[in-house]
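These notes are about the structure you will find just below.
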Amino acid sequence: MKTYLVISQILYAVCLLPWLVVFGMSFMSFDQGISFANSAFVIGIGVYPLFVIICSIYAWIYRKRKKKLAIIVNFLPMLWIIGLGVPLFLLNI
């Protein structure tokens with residue numbers, strides 16, 4: 001269990017490097033004006049590090065008592081990577 005948590009959180013830390021670039025470029029969505037969709041897009045990208053930290057803390061708390069819950073909680077930040085990272089990667093290939 002510890003190995004899974006450590007490896008997945010190293011992956012999340014590595015994903016913070018491209019996140020910085022994507023977060024910086026996400027503000028370009030305001031070039032055409034401010035709207036709800038633009039704001040939601042930037043906020044959705046911006047909360048990734050906070051969500052990683054919160055989920056990591058809860059995963060370590062739950063790792064002894066509720067192993068399945070710890071795995072699920074630790075997997076939640078992967079939704080950002082799959083939801084935003086994969087399409088952006090495929091668009092750039």
Side-chain angles (χ1 to χ4, degrees):
M1 183 66 167
K2 285 183 185 180
T3 307
Y4 166 73
L5 289 175
V6 169
I7 290 173
S8 63
Q9 290 170 8
I10 288 172
L11 174 69
Y12 296 148
V14 168
C15 288
L16 285 176
L17 296 173
W19 171 84
L20 284 170
V21 174
V22 171
F23 183 63
M25 293 186 71
S26 70
F27 287 99
M28 291 172 59
S29 68
F30 294 118
D31 286 349
Q32 298 298 320
I34 297 174
S35 70
F36 176 76
N38 297 351
S39 300
F41 177 72
V42 173
I43 290 171
I45 291 174
V47 297
Y48 172 73
L50 298 174
F51 204 71
V52 167
I53 292 169
I54 291 168
C55 288
S56 297
I57 290 170
Y58 279 111
W60 282 100
I61 290 171
Y62 292 143
R63 75 178 164 90
K64 289 203 178 208
R65 291 177 281 156
K66 302 175 182 177
K67 291 185 181 197
K68 285 185 181 181
L69 183 61
I71 291 170
I72 292 169
V73 167
N74 195 51
F75 185 75
L76 289 176
M78 188 63 69
L79 297 175
W80 265 270
I81 296 170
I82 293 170
L84 290 172
V86 172
L88 288 175
F89 178 74
L90 292 176
L91 286 173
N92 289 314
I93 289 181

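Side-chain atoms are counted along with the backbone in the values below, which use heavy atoms only and exclude waters and symmetry mates.
- Using a 4.5 Å cut-off on side-chain heavy atoms (C-beta onward), Asn74 and Tyr4 make contact.
- Not counting sequence neighbours, the partners of Phe51 by the ring-ring contact (aromatic ring centres under 6.0 Å, His included) test are Trp80.
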With a cut-off of 3.5 Å and sequence neighbours excluded, list every side-chain donor-acceptor pair involving residues 29-45.
| residue | atom | partner | partner atom | Å |
| --- | --- | --- | --- | --- |
| Ser29 | OG | Ser26 | O | 2.8 |
| Ser35 | OG | Asn38 | N | 3.4 |
| Asn38 | ND2 | Ser29 | O | 2.9 |
| Asn38 | ND2 | Gly33 | O | 2.7 |
| Ser39 | OG | Ser35 | O | 3.1 |

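- With hydrophobic clusters built from ILVMFWY side chains whose heavy atoms lie under 4.5 angstrom apart, Ile72 does not share a cluster with Phe75.
- For the side chain to side chain contact (heavy atoms under 4.5 Å, CB included) test, residues two or more places apart in sequence or in another chain that qualify with Leu11 are Cys15, Met78.
- Residues Val52 and Gln9 fail the side-chain proximity criterion, which asks for heavy atoms closer than 4.5 Å.
- In the hydrophobic clustering (ILVMFWY side chains linked at under 4.5 Å, chained through shared members), Ile53 is joined by Ile54, Ile57, Tyr58, Ile61, Tyr62, Leu69, Val73.
- Between Tyr12 and Tyr48, the ring planes lie perpendicular to each other; the angle is over 60°, past the 30° to 60° tilted range.
- In this structure Leu20 satisfies the side chain to side chain contact (heavy atoms under 4.5 Å, CB included) test with no other residue, sequence neighbours excluded.
- With sequence neighbours left out, the side chain to side chain contact (heavy atoms under 4.5 Å, CB included) criterion links Val6 to Ile10, Trp60.
- Every residue two or more places apart in sequence or in another chain that forms a ring-ring contact (aromatic ring centres under 6.0 Å, His included) with Phe27 is listed here: Phe23.
- Residues Ala70 and Ala59 approach most closely at CB-O, 3.5 Å, considering heavy atoms.
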